[in-house]
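Okay, structure first, notes after.
Ligands are counted one by one from 1 in listed order, and the atoms in each one are counted from 1 as well.
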Amino acid sequence: MADGFPRTESESFANRRKALAALLEGRAALLAAGAPSPRNYPANAYPFRASSHFLYLVGRAIPGAFVLVEAGGSTLFAEPPDRDDAIWHGPRPSLDELRAQLGIERVEPLADLEARLRGRADLATLPPQDHHTARTLAELCGRTVLAGSGAKLTDERDVALAEAMIAIRLAHDEAAKAQLRAAAQASAVAHVAGMRATKHAKGEAEVCAAITAELRRRGMDDAYGPIVTVHGEILHAHGHEGALTPGDLLLCDVGGESHEGWASDITRTWPVTGRFSATQRAIYDVVLDANRRAIDKVRPGVSYRDAHETAKRAIVEGLVSLGILRGDVDGLLERGAANVFFPHGVGHLLGLDVHDMEDLGDRAGYAPGRTRSARFGDRYLRLDRDLVPGMAVTIEPGFYQVPGILADEALVGPLGADLDRGILAKYADVRGIRIEDDVLCTNGDPEVMTASCPKRAEEIEALMA
Ligand code: GLY
Ligand code: MN
Ligand code: MN
């Protein structure tokens, strides 16, 4: 833990590989780290991040490497060091050194991969992110392998591997929990830096820089593209060109990943001046209530959809208490009132990926027999499983005034006069508020890994004063 970050011992990776091998029933899993993607010439590549399945089992991002997991132990295939490394990269470990460092049974040269696997019919694999690696896997496995998130799995060996990976990655081991906590903690500090920087910042970019600087100074990358915007109603507003104007709320959805690649995902919304207006404060407290009530649902055996429905109910109850909506809460929910103001799911799985294992489509997020709702808003619920101890999820309700939704008769029509536009107009200084925490399901109370990131309005105001 020299740099303040927990380090996963090689034994934990060995245990994960053993657990996977045990689920493969005699088959072998061939998983790729993936290939760096060049911007224009090969040496000028986009930052390389190994596939999460590979990181989970090996613990190091080795460009171009493959790991073969089977009952008799695992083999890593990697490029051996080369004389020219001295010029360009500095010395790299020999394959023997790599074997000792990673505690993996065998390490062999990448060049031997094809000969080693030729003719094997027991190989299962998963879609890599890049097409170059997909072509290599297709040749090695002797069948079509598609690249990209959600690529359809057509081979039953690959389906079985996907199910096995999901089974072991759904509930995090102790080493994974330590990584998630560390990522959450550092990202919480980063948000506090963003709150402090806001008063003297002229634009979104300056606040984004203050937040990500805290991650960079810990050697952390972003777990996803930071959202720092005064237009919180645009859910994926990735530009940071906006100016900060007194009266605006600033929505910041930023999370770093630990040195071993584990994600954090935090959203906080704060006023540019450091003080919420009365209308902003009223809506903020509605969203905070939804956040708290949904977090309380993160308990073993509870369906995550319950957390989603709980957040929706809290939003509608809150809007009824403010007079924006009128009538019976069940009826309003039935008529889609929550989806008008909170048109996304309450969160998702969190792990090595910020939306953990969404490269496998809905296979990880949806329990067998459960499927996405067809309803507007609810169709963006990314997780519908019963929670188990060790599962990490986000809880991220929000309130948004999306002009396109509020003008859509199909969505607001069913609310009729029970949506009071006159009262809603008084809340025009609230475009979007989201409050997002990272929560671990335990045998007892939910563990809010992002608890150190201020979220009560008074706390935020005191910090920014
Ligand atoms: N930051 C992406 C999300 O909240 O899902
Ligand atoms: Mn999230
Ligand atoms: Mn987020």
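- Screening Arg434, Arg382, Lys455 for a salt bridge (Lys or Arg N to Asp or Glu O under 4.0 Å) with Glu396, the sole residue that qualifies is Arg434.
- Under a 4.0 Å N-O distance rule, the pair Arg431/Asp248 qualifies as a salt bridge.
- A donor-acceptor pair under 3.5 Å is absent between the side-chain atoms of His53 and the main chain of Ala162, judged by distance alone.
- In plain terms, the two heavy atoms of Ile62 and Ala33 that are nearest each other are O-CB, 3.2 Å.
- Aromatic ring centres of Tyr400 and His344: separated by under 6.0 Å.
- Distances below 4.0 Å separate heavy atoms of His348 from the following atoms of ligand 1: 3 (C), 4 (O), 5 (O).
- The shortest separation from a heavy atom of Asp265 to ligand 1 is under 4.0 Å, placing the residue in contact.
- A donor-acceptor pair is defined here as one N or O able to donate and one able to accept, closer than 3.5 Å; no such pair exists between the side chain of Arg326 and the backbone of Val320.
- Inside a sphere of radius 2.8 Å centred on the Mn ion (ligand 2), the protein N/O/S atoms present are Asp265 OD2, His348 NE2, Glu396 OE2, Glu436 OE2.
- Judged purely by atom type and a 3.5 angstrom limit, Arg299 uses its side chain to pair as donor or acceptor with the backbone of Asp296.
- In summary, Asp253 and Arg268 do not engage in a salt bridge, as defined by a charged side-chain N under 4.0 Å from a carboxylate O.
- Annotation: His355 places an N or O atom under 3.5 Å from an N or O atom of ligand 1; distance criterion only.
- Close contacts between ligand 1 and Glu436 involve ligand atoms 4 (O) [criterion: under 4.0 Å to a heavy atom].
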